[in-house]
Amino acid sequence: MAVEIIEIKREHCPAARLIGKRYEAAPNWGEWWQNGWFDQLETQPRLPFNGDAYIGAVRIAHGQPERWIGMLFPQDASIPDGFEAVDIPPMDYAVCYLQAKEGSPDFYTPETHSQCLEAIRAKGMTRFEDNWCMERYQCPRFTAPDENGNVILDYGISIM
């Protein structure tokens, strides 16, 4: 089964601090589990927009993709030792709720990104070019498969 967009919502995220690790190449989720980095971040109050979700994010900075793994916090949150942060201004996102089988690689393809861009355009929303796109791994939507083995990934694309 390919990814299905089951809903699209316009959501507002207030000023936020993304605390985590920055990657120039593909992010390494495995090291997060091995090193308990999410456990360290979860000791701080998170931004309600984020809830308890882990974030995979990308934007274009200085003409190159800048990838992050982390969590969203209030903009004045302290940065724990060993982590980096980037402040994100208040912004609206078109959040596509993507459904597919647990473990499906189809969540992460350029085709799925294009499918989301087409769907948000059809809803009259305009992408904020080169700005943030975020995968929001919300529990239990992404962590507890339904009776058909499907999970839901929140995929937010910054919009104007």
Side-chain angles (χ1 to χ4, degrees), residues 1-30 32-33 38 41-42 46-61 63-75 85-160:
M1 171 180 134
V3 170
E4 176 186 357
I5 300 172
I6 58 171
E7 186 175 8
I8 299 173
K9 290 183 183 176
R10 182 184 196 108
E11 296 183 22
H12 179 75
C13 182
R17 176 166 283 170
L18 175 57
I19 299 175
K21 306 270 183 186
R22 179 186 0 221
Y23 295 85
E24 291 181 17
N28 186 343
W29 286 87
W32 278 78
W33 307 120
F38 286 120
L41 291 182
E42 288 175 341
R46 278 137 347 250
L47 198 63
F49 175 82
N50 182 62
D52 291 334
Y54 304 144
I55 299 290
V58 65
R59 69 173 175 172
I60 303 299
Q64 298 296 315
E66 180 181 275
R67 296 169 181 87
W68 286 79
I69 296 176
M71 298 178 81
L72 292 177
F73 295 88
Q75 204 163 32
V86 61
D87 290 332
I88 301 173
M91 195 172 306
D92 285 349
Y93 292 85
V95 180
C96 297
Y97 291 83
L98 307 175
Q99 179 175 277
K101 296 290 182 199
E102 181 181 29
S104 173
D106 294 333
F107 282 119
Y108 314 107
T109 65
E111 292 80 17
T112 297
H113 177 75
S114 295
Q115 179 184 359
C116 289
L117 289 176
E118 289 175 24
I120 66 174
R121 273 193 296 272
K123 289 209 167 261
M125 298 181 220
T126 303
R127 178 182 182 193
F128 192 148
E129 288 294 329
D130 294 341
N131 219 307
W132 293 100
C133 292
M134 296 187 188
E135 299 161 349
R136 186 171 59 187
Y137 296 92
Q138 187 72 28
C139 182
R141 284 193 298 268
F142 190 77
T143 57
D146 67 13
E147 64 278 356
N148 298 314
N150 294 318
V151 294
I152 298 170
L153 174 66
D154 307 359
Y155 184 61
I157 299 171
S158 56
I159 56 175
M160 294 192 245

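Quick caveat: nothing in here was measured; it's all calculated off a predicted structure.
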If we ignore angles and hydrogens, is there a donor and acceptor under 3.5 Å between the side chains of H113 and Y155?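 Distance-only check passes for H113 and Y155.
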Drop me the distance from [X]'s [atom1] to [Y]'s [atom2], to the nearest 0.5 angstrom.
{"X": "K101", "Y": "N148", "atom1": "NZ", "atom2": "CG", "result": "5.5 Å"}
{"X": "L72", "Y": "L18", "atom1": "CG", "atom2": "CG", "result": "5.5 Å"}
{"X": "L41", "Y": "N50", "atom1": "CG", "atom2": "CG", "result": "10.0 Å"}
{"X": "Q99", "Y": "I152", "atom1": "CD", "atom2": "CD1", "result": "5.0 Å"}
{"X": "I120", "Y": "R127", "atom1": "CD1", "atom2": "CZ", "result": "7.5 Å"}
{"X": "L153", "Y": "M134", "atom1": "CG", "atom2": "CE", "result": "13.0 Å"}

Do you know which two heavy atoms are closest between [X] and [Y], and how far apart they sit?
{"X": "R59", "Y": "D130", "value": "CB-O, 4.0 Å"}
{"X": "D52", "Y": "R46", "value": "OD1-NH2, 2.5 Å"}
{"X": "E66", "Y": "A61", "value": "OE1-CB, 3.8 Å"}
{"X": "M71", "Y": "A53", "value": "CE-O, 3.6 Å"}
{"X": "R67", "Y": "A25", "value": "CD-O, 3.4 Å"}
{"X": "V151", "Y": "A144", "value": "CG1-C, 4.3 Å"}

Identify, with sequence neighbours excluded, every residue that meets side chain to side chain contact (heavy atoms under 4.5 Å, CB included) alongside R121.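 Counting only residues at least two positions away or on another chain, R121 forms a side chain to side chain contact (heavy atoms under 4.5 Å, CB included) with L117, E118.
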What verdict does the side chain to side chain contact (heavy atoms under 4.5 Å, CB included) test give for I159 and F128, after you've listed the backbone C-alpha separation in whole Å, the side-chain angles of each residue and the deciding distance to 0.1 Å? CA-CA 5 Å; I159 56 175; F128 192 148; 5.6 Å; no
Quick one, [X] and [Y] - any side-chain contact, counting heavy atoms below 4.5 Å?
{"X": "D92", "Y": "M125", "answer": "no"}
{"X": "N131", "Y": "M91", "answer": "yes"}
{"X": "I55", "Y": "E135", "answer": "no"}
{"X": "C13", "Y": "I88", "answer": "no"}

Could you tell me whether R141 and D154 have a side-chain N and a carboxylate O separated by less than 4.0 Å?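 Result for this pair is yes, salt bridge flagged.
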Using the ring-ring contact (aromatic ring centres under 6.0 Å, His included) rule, collect all pairs that involve residues 4-24, keeping only residues at least two apart or in two chains.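 Every candidate ring-ring contact (aromatic ring centres under 6.0 Å, His included) pair involving residues 4-24 fails, so no pair, neighbours aside, qualifies.
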[X] (side chain) donor-acceptor with [Y] (main chain) under 3.5 angstrom:
{"X": "S114", "Y": "P110", "result": "yes"}
{"X": "T126", "Y": "M160", "result": "no"}
{"X": "S158", "Y": "Y93", "result": "no"}

Result of checking W32, F142, Y54 against Y137 for ring-ring contact (aromatic ring centres under 6.0 Å, His included):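 Checked W32, F142, Y54 against Y137; only one passes ring-ring contact (aromatic ring centres under 6.0 Å, His included): F142.
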Please walk me through it: do I69 and W29 pass side chain to side chain contact (heavy atoms under 4.5 Å, CB included)? CA-CA 8 Å; I69 296 176; W29 286 87; 3.6 Å; yes
A quick test of your reading: do over 12 heavy atoms of other residues, nucleotides or ligands sit less than 6.0 Å from CD of E24?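 Atom CD in E24 is not crowded, with 12 or fewer foreign heavy atoms closer than 6.0 Å.
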Run W68 and V86 through side chain to side chain contact (heavy atoms under 4.5 Å, CB included) and show every step you take. CA-CA 10 Å; W68 286 79; V86 61; 3.8 Å; yes
For the residue pair R136 and F49, would you count it as a cation-pi contact if the rule is NZ or CZ under 6.0 angstrom from the ring centre and within 45 degrees of the ring axis?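 Satisfied, under 6.0 Å and within 45°.
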Can you say whether the rings of W33 and F38 are parallel (under 30°), tilted (30 to 60°) or perpendicular (over 60°)?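 The rings of W33 and F38 sit tilted, inter-plane angle from 30° to 60°.
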